[in-house]
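Because only heavy atoms are used, hydrogens play no part in the values below, and waters and symmetry mates are left out as well, while side chains stay in.
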Amino acid sequence: MAGTAADVARVAKGETGYHEGKAGAHWNNKQKYSGSVPGLEWSDYQAWCQTFTTWAFQTAGMPKGSYPVTASCALAVAWWKKADRWSEYPAIGAAVFFGPGGGSHTGIVIGFDATTITTIEGNTNVSGSAEGDGVYRKTRQRRDAYVYGYGYPDYPGGITSADPTWKNPSKETDVALTADDLDKIRKAVWESDKAAAPKGAPDAKTNPTWQYQSYLKDTNARVRAIQTAEAAQTAAITALAKLVGKNVDTATVVAAVREEIRDAVVKVSVDINGQEA
């Protein structure tokens, strides 16, 4: 899973109907979520609504550090506020908190409209208690005094929120370039006269600035001239060595002279103005 709001909602809804353990005729808060969240193993047999929310975020693939790992609703509220991910408005995939300071109960929002929120909550029951027996799908009134607020996970692509002031990160959009756009870019890069002509260029006086493509052509011409000269010199040296006599190691002579030529060529560099140094 990619850790999106849809992934979190899917994971949470998939747990609907799960019930904690019983001791005799009584529910005992024994559940599977505490043991599945590193660091919260100790919270088994404790109130587990926040543990369930943490587990859902983890299971949906949200990256570590993007949600609070705690069994305490109060600590979770403090975490969301410190992260500046808090709102009084519902959002899909948000953690909703209930009671004074948000410390009584929590769940995950999977939907909302103008008047209600739909949630998946752990450790509740049919009546919506904060100390229940399992995972339930609930519909609550948005403006009920029991609703304290919402923690907004930093989902990829943002979050669907009822908060009119909430701003999601801007989405990058692909820009389709037309053939005319590409031609303009090509001309801007290759056909603008911006660079000074190399000193010694045949048309330096009549054309004092060169297009960048002209520099490429000039460089290629210089390289080809050097290669041609080296080939001609190699041929001449080979012929000369053969005239000296049969006792001369022609290959050794040619290799030595060619090395000297290469050293001489390497020592010559051309700067942006065509000056040699």
Side-chain angles (χ1 to χ4, degrees), residues 1-16 33 37 39-40 48-124 128 130 135-175:
M1 295 187 184
T4 65
D7 291 328
V8 171
R10 188 179 305 112
V11 167
K13 287 188 287 187
E15 296 301 301
T16 302
Y33 305 111
V37 179
L40 295 186
W48 50 278
C49 57
Q50 173 57 42
T51 300
F52 168 73
T53 300
T54 299
W55 173 88
F57 288 143
Q58 171 189 280
T59 304
M62 292 187 63
K64 293 180 179 180
S66 65
Y67 57 91
V69 179
T70 177
S72 165
C73 292
L75 290 178
V77 168
W79 190 97
W80 290 116
K81 288 184 175 181
K82 184 177 181 180
D84 199 24
R85 307 288 304 179
W86 184 260
S87 176
E88 297 180 354
Y89 294 84
I92 305 298
V96 56
F97 293 87
F98 304 96
S104 299
H105 185 55
T106 187
I108 296 173
V109 178
I110 62 169
F112 65 86
D113 58 26
T115 58
T116 65
I117 55 173
T118 302
T119 62
I120 304 295
E121 302 170 20
N123 196 28
T124 190
V135 179
Y136 289 79
R137 180 186 179 114
K138 309 297 296 181
T139 298
R140 299 178 182 269
Q141 295 298 309
R142 275 179 55 173
R143 293 168 181 80
D144 191 315
Y146 187 51
V147 178
Y148 178 68
Y150 305 84
Y152 283 14
D154 188 10
Y155 290 118
I159 192 168
T160 302
S161 169
D163 191 336
T165 65
W166 187 265
K167 293 184 179 180
N168 285 312
S170 58
K171 297 181 180 179
E172 295 184 359
T173 56
D174 293 331
V175 179

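Note: Tyr152 OH to Asp163 CG = 5.0 Å, rounded to the nearest 0.5 Å. A distance of 4.5 Å separates OG1 in Thr124 from NE2 in His105, rounded to the nearest 0.5 Å. Considering CG of Asn168 and CD1 of Ile159, their distance stands at 7.5 Å, rounded to 0.5 Å. Between Tyr155 atom OH and Ile92 atom CD1 the span is 9.5 Å, to the nearest 0.5 Å. Atom CZ of Arg85 sits about 4.0 Å away from atom CH2 of Trp166, to the nearest 0.5 Å. Considering CD1 of Ile108 and OG1 of Thr119, their distance stands at 9.5 Å, rounded to 0.5 Å.
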Could you give me the CA-CA distance, side-chain angles and deciding distance for Val135 and Tyr33, then say whether side-chain contact (heavy atoms from CB on, under 4.5 Å) is met? CA-CA 11 Å; Val135 179; Tyr33 305 111; 3.6 Å; yes

Any chance you could lay out the side-chain contact (heavy atoms from CB on, under 4.5 Å) test for Tyr146 and Gln141, step after step, and finish with the verdict? CA-CA 9 Å; Tyr146 187 51; Gln141 295 298 309; over 6 Å; no

Could you walk me through whether Thr115 and Arg142 pass the side-chain contact (heavy atoms from CB on, under 4.5 Å) check? CA-CA 5 Å; Thr115 58; Arg142 275 179 55 173; 5.9 Å; no

Determine, stepwise, if the pair Lys64 / Val69 fulfils side-chain contact (heavy atoms from CB on, under 4.5 Å). CA-CA 9 Å; Lys64 293 180 179 180; Val69 179; over 6 Å; no

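At least one side-chain heavy atom of Trp80 sits less than 4.5 Å from a side-chain heavy atom of Pro153. Put simply, the side chain of Tyr136 does not reach to within 4.5 Å of the side chain of Thr16, judged on heavy atoms. Using a 4.5 Å heavy-atom threshold, the side chains of Glu121 and Phe52 count as separate. With contacts defined as side-chain heavy-atom distances shorter than 4.5 Å, the pair Trp79/Thr70 does not qualify. Under the 4.5 Å side-chain criterion, counting only non-hydrogen atoms from C-beta, Glu15 is not in contact with Ile120.
The two atoms that bring Phe98 and Gly107 nearest to each other are CE1-N, 4.4 Å, heavy atoms only. In plain terms, the two heavy atoms of Ala9 and Ile110 that are nearest each other are CB-CG2, 3.9 Å. Among all heavy-atom pairs drawn from Ile117 and Pro90, the shortest one is CG2-CB, 3.6 Å. The two residues Phe112 and Thr160 have their closest heavy-atom pair at CE2-O, 3.7 Å. Scanning all heavy atoms of the two residues, the minimum distance from Cys49 to Gly122 falls at CB-O, 3.2 Å. Contact detail for Ser87 and Tyr89: the closest heavy-atom pair is OG-N, 3.0 Å.
Classification of the Tyr148-Trp86 ring pair by plane angle, with boundaries at 30° and 60°, yields tilted.
Heavy atoms from other residues, nucleotides or ligands lying under 6.0 Å from CG of Asp144 number more than 12.
When each of Thr59, Thr106, Leu40 is tested with Thr54 by the rule side chain to side chain contact (heavy atoms under 4.5 Å, CB included), just one qualifies, namely Leu40.
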